[in-house]
Every structure is written in C-alpha cells, then in structure tokens.
2 protein chains.
Amino acid sequence: MNRDLLKPAPAPTLKDVSKIANVSVMTVSRVLRGKGYVSKEVISLVKEAAAKIGYSPNKLAGALASDKSNLVGVILPTLSNVVFSEVLSGINSALSKTDMQPFFGISDYSLIKEEKLVEGLLAWRPAGLILTGLEHSERTRELLSKTSIRISEIMDYSDTPIDACFGLRHTLAGIETAKHLLERGYRKFGYVGSFLKTDLRAEKRFNGFAETILAAGAQLVDKKSDFGPSSMQMGRRLTKEIIDQNNTIDALYFSNDDMAAGALMHTIANNISVPQQIALASFNGLEFLDALPLKITTVKSPRFKIGELAGLHVSTENKSADSLGTGTPKKVEFPIEITIGDTT
Amino acid sequence: MNRDLLKPAPAPTLKDVSKIANVSVMTVSRVLRGKGYVSKEVISLVKEAAAKIGYSPNKLAGALASDKSNLVGVILPTLSNVVFSEVLSGINSALSKTDMQPFFGISDYSLIKEEKLVEGLLAWRPAGLILTGLEHSERTRELLSKTSIRISEIMDYSDTPIDACFGLRHTLAGIETAKHLLERGYRKFGYVGSFLKTDLRAEKRFNGFAETILAAGAQLVDKKSDFGPSSMQMGRRLTKEIIDQNNTIDALYFSNDDMAAGALMHTIANNISVPQQIALASFNGLEFLDALPLKITTVKSPRFKIGELAGLHVSTENKSADSLGTGTPKKVEFPIEITIGDTT
DNA sequence: TATAAATATGTTAGCGCTAACACATATAGG
DNA sequence: CCTATATGTGTTAGCGCTAACATATTTATA
C-alpha cells in the first residue's frame with residue numbers, strides 16, 4: 001500500500017474524545033492534563049475514549065492557548081566535538097526528567113549564525129534557551145533582553161550573565177596549566193590549536209597561558225593553528241609540523257584533548273619520548289584519555305554536569321528559582337582542576 | 001536590574017504590526033511569509049513596522065492555523081557515541097538549508113523509550129520523523145501508521161521500510177569482515193562488544209560474523225561483552241581480559257572502532273605486536289582512526305551522509321518525493337566497504 | 001443546621017495566526 | 001473597447017486548545 005496516497009485522516013481532537021465520553025471538551029482537557037477536579041468515573045471514561053480513538057494531544061494548540069510551551073532551545077557551536085555531545089547529553093538527561101522538549105541549532109562558532117538561531121528558536125516561544133559562551137552579538141542581546149524566559153549561558157563563566165551561567169574561567173585554565181609547566185621546569189613552549197579566532201574559549205585559554213609564561217620569562221617559540229574542527233588527525237599533523245620546524249620546544253600546549261591525543265600518537269609512531277623530549281598538556285579531561293598508553297596532563301571540564309545544570313535551570317518554574325533560597329543555582333563556577341598525567 | 005521582576009510585556013503580534021503599517025493583518029502575514037501579492041511600497045512599510053517594534057512571528061500559532069509545522073523529530077539511541085553526533089550533524093546540515101527545525105529525543109537503545117518519544121514528538125505535529133534502526137514496538141508502528149508524515153529509518157537497511165530508509169546491512173558487514181579475516185588465515189576468533197543485547201545493529205554484525213567463521217570451520221574462542229556505552233576504555237579493559245584468558249586467539253572482532261582503538265592502546269602499552277600476535281577489526285571507519293599509530297581494519301559507515309539523506313527526505317514536500325522520478329531517494333543501501341588497515 | 005470550602009462539570013472567549021473567499025484595480029490580448 | 005487574467009488588499013472563520021468564570025453538588029466545620 002502506498003502511504004503517500006492515503007489522504008491524511010485528520011487527527012482526533014479533544015472534541016472527538018468528548019463526544020465519545022459524553023462530557024465537555026474542557027473536562028477531557030482536565031483529565032488529560034491531570035489538572036482541576038474530575039471524578040474517578042469520568043477520568044476512566046475519558047481515558048478509555050481517548051485510547052480508543054488514539055487521541056494525541058496537539059501541543060501546538062495547547063502551547064498557544066496557555067501561552068507556555070515546554071520547548072527548550074539549545075544552541076551549540078558544533079557537534080563535531082565530543083565535548084558538546086556530552087553537554088547535550090547532560091541537557092537531555094535533565095530535561096527528560098521533566099516534560100521539557102529540547103530542540104537545537106548549531107552556530108558553527110559564528111555569532112551571526114547564533115543570532116539567526118536565537119531569532120528562529122524564539123519564534124517557537126520556548127520556555128528557556130541554552131547558549132554556549134558569553135559572547136553574543138548586540139542584536140542577540142537585544143532579542144534576549146526583550147524576553148523573560150530562562151536563559152543559561154554555558155561552558156564559560158562570568159559573574160554577570162544574562163540570566164544564569166554554568167562553566168569555568170578559561171583564562172584561568174590557561175594560567176594554571178602554564179604555572180604547572182613552569183613549575184616542572186619547561187621554558188620553551190609551543191601551542192597547537194584549531195578553530196582559529198572563532199573558538200573564543202580556546203582563545204582565552206591560550207591568552208592566559210601565553211601571558212603567564214611570558215611573564216615568567218619563558219618563551220613561546222611557535223604557534224600552529226588551523227581552521228576547522230579540532231581532531232586527533234589535525235593534532236597529529238600540526239604537532240609533526242611544529243616539532244619538525246622547532247627543535248628547541250620542550251613543551252606543547254593544546255587547544256584540547258583531541259589535539260593532544262593526536263600529538264601523543266605522533267610521538268608513539270615516531271619514538272619521541274614523552275615527556276623527556278617533549279611535554280604535552282591540554283584541556284577537557286575527556287574520558288578516552290584514560291585508555292591512552294600515557295595519561296595526558298589536562299584540565300577537567302565538567303561537560304555533562306554543565307549540561308545538566310543548564311537543563312535544570314531552564315526547566316525550573318520562574319518564581320521559585322532565585323539565586324538565593326532553595327531553588328536551583330543560577331551561577332556555578334567550576335574550579336580549575338589540573339589532572340597531572342604522564343606527559344608533563 | 002532583576003529581570004525576574006520585569007513583567008513579561010506580551011510579544012508584539014501581527015495585529016500590532018498591522019496597526020503601525022496601516023494595513024490589514026492578512027497583508028502583514030503575506031509580507032512576512034513572502035506569500036501572495038503585495039505591492040512593493042506596502043512590503044517595505046510592513047517590514048519597517050515589524051522591525052520597529054521587534055516583531056517575532058509566533059510559529060505555534062502559524063503552525064496551528066496552517067496545519068503544518070516545520071519541526072522534524074529525531075530519535076537517536078545515544079549521544080555518547082560519535083557515530084550519532086555525526087548523524088545528527090548530517091541531519092542538521094540538511095535541515096539548516098531549509099526552514100526545518102530539528103528537535104530530538106534519546107532512546108537509550110530502548111524500544112519502549114522510543115515509543116514514548118514517538119508519542120511525545122508526534123504531539124508537536126512535526127513534518128517528519130527520523131528514527132534509528134528498523135526495529136520498533138508494535139505500538140510505535142501503530143502510531144506511525146496513523147500519521148502521514150515523512151519518516152526516515154536510518155543506519156540499518158531494509159527493502160520494506162515504513163516510509164524511507166538509509167543505511168547498510170549490518171549482517172553483511174559482519175560477514176564481509178569475517179571473510180576478510182578468514183582469507184588472511186585467522187582461525188581462532190574473539191569478539192569484544194558493548195551494549196549487550198540492546199545494540200541491535202551490533203548484534204546483527206556479530207551474528208553475521210559468527211555464522212561465517214563457524215561455517216568456515218573456524219572457531220569463536222571467546223566473547224566479551226559489557227553493558228553500557230562503548231568506549232576506548234571499555235575496549236581496552238575487555239581486550240586485556242580476553243587476551244589474558246585465551247592465549248590461542250589470533251584475531252579480535254569489535255563491535256565498533258572505539259572498542260578496537262582501546263584494544264590497540266592495550267597492545268601498544270603492553271608491547272603486543274599487531275597483527276602478528278593478534279589481529280584487530282571493527283566497524284564504523286571513524287575519522288580519528290587515521291591518527292592512530294596503526295590503521296585499524298574496519299568497515300566504513302557513511303554517518304554524516306545518512307543524516308543528510310534522512311534530513312533531506314523528511315524536509316521534502318510530500319508530492320514530489322517519489323522513489324521514482326527526480327525526487328529525493330526513499331531507499332538508499334550503502335555497500336559494505338572494508339577498509340583494510342595495518343591491524344589484519 | 002447553616003455556611004464555608006472543596007469537588008465536579010460546563011460555558012464563553014480567546015491565544016496568534018492563516019486558508020479561503022470576496023472584492024477591487026490594473027494589465028493584457030484580441 | 002471589452003473581456004480574461006494578473007495583481008493587490010480586506011473580511012470571515014476557524015486551527016485545537018486552555019484560562020477564567022459560572023454553576024452545581026457534595027463535603028467539612030462550627
């Protein structure tokens with residue numbers, strides 16, 4: 001049978017259910033939402049009728065009428081980095097415990113695309129919005145300021161978020177990593193990154209790192225960066241380049257674990273001893289680092305947890321959720337925790 | 001200023017715009033949707049008015065009134081596997097070229113959860129639905145059969161999908177991998193998997209694999225499986241176990257690349273020569289394999305492409321999209337392509 | 001027993017938008 | 001010049017649902 005030819009029989013409505021159950025539409029609505037007073041008998045009557053005709057509530061109509069949707073918009077810069085699928089996983093985990101429904105957009109690290117996405121998602125009148133990062137276009141801020149929905153800015157941290165924020169200070173992550181490497185005695189540094197100029201948080205880490213080592217009189221010998229998503233392959237390739245071109249570098253700092261893991265693969269494949277010949281440090285603390293032959297020194301980012309908190313925040317009723325009191329937190333700064341591995 | 005205290009000024013409506021532009025609501029609607037006849041002058045008038053008061057269309061109302069939404073529901077088994085973030089990425093890539101808006105749910109490889117998700121997503125009257133796999137609960141099928149929206153089943157392949165399907169035959173993938181290993185002379189096999197009994201596609205690959213080697217008179221020496229998401233760590237751990245407990249195994253087949261990569265790390269850390277002492281083969285062909293010291297023999301799955309095709313399918317108008325003719329394809333079976341690496 | 005409060009239903013009036021139709025006016029074709 | 005078609009705008013009537021109010025009826029409470 002060709003389902004394209006079947007004319008779409010209109011989906012049953014509350015009215016259809018109400019006719020069968022011999023009650024008013026409103027009563028059916030009450031039963032199906034579990035709101036208001038309805039007698040036991042009517043409840044089962046209605047539920048049977050609804051089941052019988054396969055009633056499916058129309059949330060479009062419900063949201064329009066009640067002026068509240070259970071949609072939550074999520075904007076992430078990319079999906080090609082596990083970091084953000086883990087964040088999404090955390091968000092989903094929090095939301096799936098409520099009746100909230102996540103929908104999303106990918107900004108490709110572009111503030112302009114973010115703006116378009118905010119505009120588009122806002123048209124669905126969501127109950128909340130989750131944005132990545134603290135940097136937004138002027139117009140994005142304007143759009144956001146005109147609404148009163150809950151907003152979570154994630155992955156980065158500021159004391160003055162638009163509404164709520166969950167993350168850590170990336171400059172500080174760079175600083176702490178630099179301090180650690182300086183303590184270990186490294187003096188000639190290289191940096192290997194990706195998403196040049198567009199990954200603002202990686203940029204902050206680099207800046208914190210660079211300032212710290214320079215202030216200590218150490219040297220930033222070279223810096224390799226490329227456009228496009230970070231990956232083990234890119235990390236391996238750029239590491240080969242930077243090592244081949246600079247024989248004085250004694251430590252490399254990476255924009256993230258993927259890149260550093262690629263570097264480690266290069267050292268393994270080329271019998272370069274780590275950390276004796278070169279030290280490696282990065283950022284994120286991804287789970288898979290545990291499986292590598294050498295543990296890479298890194299800084300943990302609580303990705304799943306951040307997603308959970310953000311999801312929790314946007315799915316909480318407006319009233320009860322003060323930064324004071326027993327409500328869910330509005331600002332959480334995660335401390336910088338260096339995981340010292342075998343590579344430094 | 002406490003934004004919680006600001007009473008939410010109701011968002012401007014078409015009516016508000018129409019008053020300022022001195023035209024009817026319908027004309028404003030026409031301008032903003034670019035549908036129907038409107039004079040140049042009125043168009044700019046209306047656009048100015050809309051911009052002035054910061055009008056944002058209410059898609060809930062629009063979708064309800066026109067009985068069509070641009071929402072596309074996506075159900076994936078997990079986000080903790082790059083495979084599915086790449087699929088999601090492909091879906092997003094296709095949809096972002098249209099005006100379709102993806103929203104999603106995670107089934108945790110459970111058909112019951114999938115059923116609940118289908119029910120929930122259907123309540124938003126989406127234009128299409130993307131499901132992972134061919135297996136669904138009876139009720140899921142019933143729900144789906146009652147609707148006439150576009151449905152893509154992805155990752156697996158069947159000649160008789162509900163509506164459309166994009167993927168490859170997993171049994172065949174297992175068979176081909178087995179054939180390759182048999183050709184290479186391996187005879188004593190081990191299998192290392194995850195998501196025991198719940199990852200139906202991994203199960204199909206294993207079945208195809210096992211039947212083929214047994215039929216050839218070779219031996220399945222041991223099988224290690226664990227619950228929970230696959231990962232390099234799990235792969236490394238289970239590989240250590242299976243090797244330590246079976247000194248006769250000469251080749252290992254893995255449920256996927258993550259697991260196999262973990263195995264490779266184990267062999268590197270323990271100076272086990274691959275493929276001389278033990279061969280490794282797996283499934284997916286993830287990009288990051290290219291960065292490993294040894295290329296793992298695997299079977300490519302076109303994850304991004306599948307996502308794109310599925311997104312394309314559900315975002316296409318119903319009429320033009322036959323399996324015949326020039327429309328978008330409804331069934332695409334990807335051939336099994338073994339990438340022979342250094343590990344077999 | 002009177003009366004407030006809780007329980008149980010129904011009625012009315014939209015939410016913000018668009019389809020469908022009606023009615024103009026302009027332009028084209030013969 | 002007159003009709004046929006294209007262009008431009010407005011009116012009416014919902015989409016399927018819920019908030020708010022109205023009205024019973026029952027159950028507590030003093």
Side-chain angles (χ1 to χ4, degrees), chain A residues 8-47 49-50 53-71 99 120 122-127 147, chain B residues 8-47 49-50 53-71 99 120 122-127 147:
Chain A
T13 68
L14 277 189
K15 205 171 174 181
D16 298 322
V17 179
S18 77
K19 276 181 199 156
I20 296 186
N22 258 314
V23 290
S24 74
V25 179
M26 198 59 218
T27 299
V28 178
S29 171
R30 287 191 185 106
V31 172
L32 267 23
R33 283 181 300 152
K35 267 198 171 184
Y37 298 116
V38 193
S39 66
K40 307 274 181 209
E41 307 84 60
V42 172
I43 288 180
S44 44
L45 246 168
V46 168
K47 283 192 171 167
I53 61 174
Y55 173 76
S56 163
N58 187 330
K59 295 224 183 202
L60 296 169
L64 178 62
S66 64
D67 193 32
K68 64 178 63 163
S69 82
N70 65 353
L71 292 171
D99 65 339
L122 246 24
W124 286 102
R125 303 295 186 264
T147 175
Chain B
T13 69
L14 277 189
K15 204 171 175 182
D16 298 322
V17 179
S18 78
K19 275 181 199 155
I20 297 186
N22 256 317
V23 290
S24 74
V25 179
M26 198 59 219
T27 300
V28 178
S29 172
R30 287 193 184 102
V31 172
L32 267 22
R33 281 181 302 152
K35 268 199 170 181
Y37 298 115
V38 192
S39 67
K40 307 275 181 207
E41 306 85 60
V42 173
I43 288 180
S44 45
L45 245 168
V46 168
K47 284 193 172 168
I53 62 173
Y55 172 76
S56 163
N58 186 331
K59 297 223 180 202
L60 295 170
L64 178 63
S66 64
D67 193 31
K68 62 178 64 163
S69 82
N70 64 354
L71 292 172
D99 66 337
L122 246 24
W124 286 102
R125 301 296 185 264
T147 175

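Below, chain A is the first sequence line, B the second, and so on; all start at residue 1.
The two atoms that bring A:Ile43 and A:Val31 nearest to each other are O-CG1, 3.9 Å, heavy atoms only. Here the closest non-hydrogen pair linking B:Ala63 and A:Leu60 is CB-CD1, 3.8 Å. Closest approach of A:Ala123 and B:Ser56 over heavy atoms only: CA-OG, 3.9 Å. Shortest non-hydrogen contact noted between A:Val25 and A:Lys15 is CG2-CA, 4.2 Å. Residues B:Asp16 and B:Ala11 share a closest heavy-atom pair of OD2-O, 4.3 Å. Closest heavy-atom contact between A:Pro126 and A:Ser69: CA-OG, 3.5 Å.
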Show me the protein contacts with nucleotides 17-21 of chain D, counting only N or O atoms at under 3.5 Å.
residue: D:dC17; atom: OP1; partner: A:Tyr55; partner atom: OH; Å: 2.1
residue: D:dC17; atom: OP1; partner: A:Asn58; partner atom: N; Å: 3.3
residue: D:dC17; atom: OP2; partner: A:Leu14; partner atom: N; Å: 2.5
residue: D:dT18; atom: OP1; partner: A:Arg33; partner atom: NE; Å: 3.3
residue: D:dT18; atom: OP2; partner: A:Ser29; partner atom: OG; Å: 2.4
residue: D:dA19; atom: OP2; partner: A:Arg33; partner atom: NH1; Å: 3.1

Check nucleotides 3-6 of chain D for protein N or O atoms closer than 3.5 Å to its own N or O atoms and list the pairs.
none

Nucleotide N/O to protein N/O under 3.5 Å, stretch nucleotides 23-29 of chain D:
none

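Spacing between atom CG of A:Leu64 and atom P of C:dA13 amounts to 18 Å, rounded to whole angstrom units.
Annotation: side-chain hydrogen bond (donor to acceptor under 3.5 Å, both in side chains) contacts of B:Ser18 (sequence neighbours excluded): none.
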Inset, instruction - Would you please test A:Val28 and A:Tyr55 for side-chain contact (heavy atoms from CB on, under 4.5 Å) and show each step? - result: CA-CA 11 Å; A:Val28 178; A:Tyr55 173 76; 5.9 Å; no
Legend entry - Full working for side-chain contact (heavy atoms from CB on, under 4.5 Å) between B:Met26 and B:Ser29: CA-CA 5 Å; B:Met26 198 59 219; B:Ser29 172; 4.3 Å; yes
Legend entry - Intermediate values then yes/no, side-chain contact (heavy atoms from CB on, under 4.5 Å), A:Asn70 and A:Lys59: CA-CA 9 Å; A:Asn70 65 353; A:Lys59 295 224 183 202; 3.4 Å; yes
Legend entry - Check against side-chain contact (heavy atoms from CB on, under 4.5 Å), B:Leu45 and B:Val23: CA-CA 9 Å; B:Leu45 245 168; B:Val23 290; 5.7 Å; no
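Within residues 17-24 of chain B, no residue has any heavy atom closer than 4.0 Å to DNA chain C.
When each of B:Asp67 and B:Lys40 is assigned the nucleotide of DNA chain D bearing its nearest heavy atom, the one mapping closer to the 5' terminus is B:Lys40.
Side-chain contact annotation: B:Thr147 with B:Arg125, donor-acceptor N/O pair under 3.5 Å absent.
For the pairing with A:Val46, the side chain to side chain contact (heavy atoms under 4.5 Å, CB included) check across A:Leu14, A:Asn22, A:Leu32 returns one residue only, A:Leu32.
Phosphate proximity of D:dG10 to B:Thr27: present, with a side-chain N or O under 4.0 Å from OP1 or OP2.
Interatomic distance, CG of B:Asn58 versus OG1 of B:Thr13, reported as 9.5 Å (0.5 Å rounding).
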Legend entry - Sugar-phosphate or base contact per nucleotide [nucleotides 24-29 of chain C; S, B, -; heavy atom under 4.0 Å]: ------
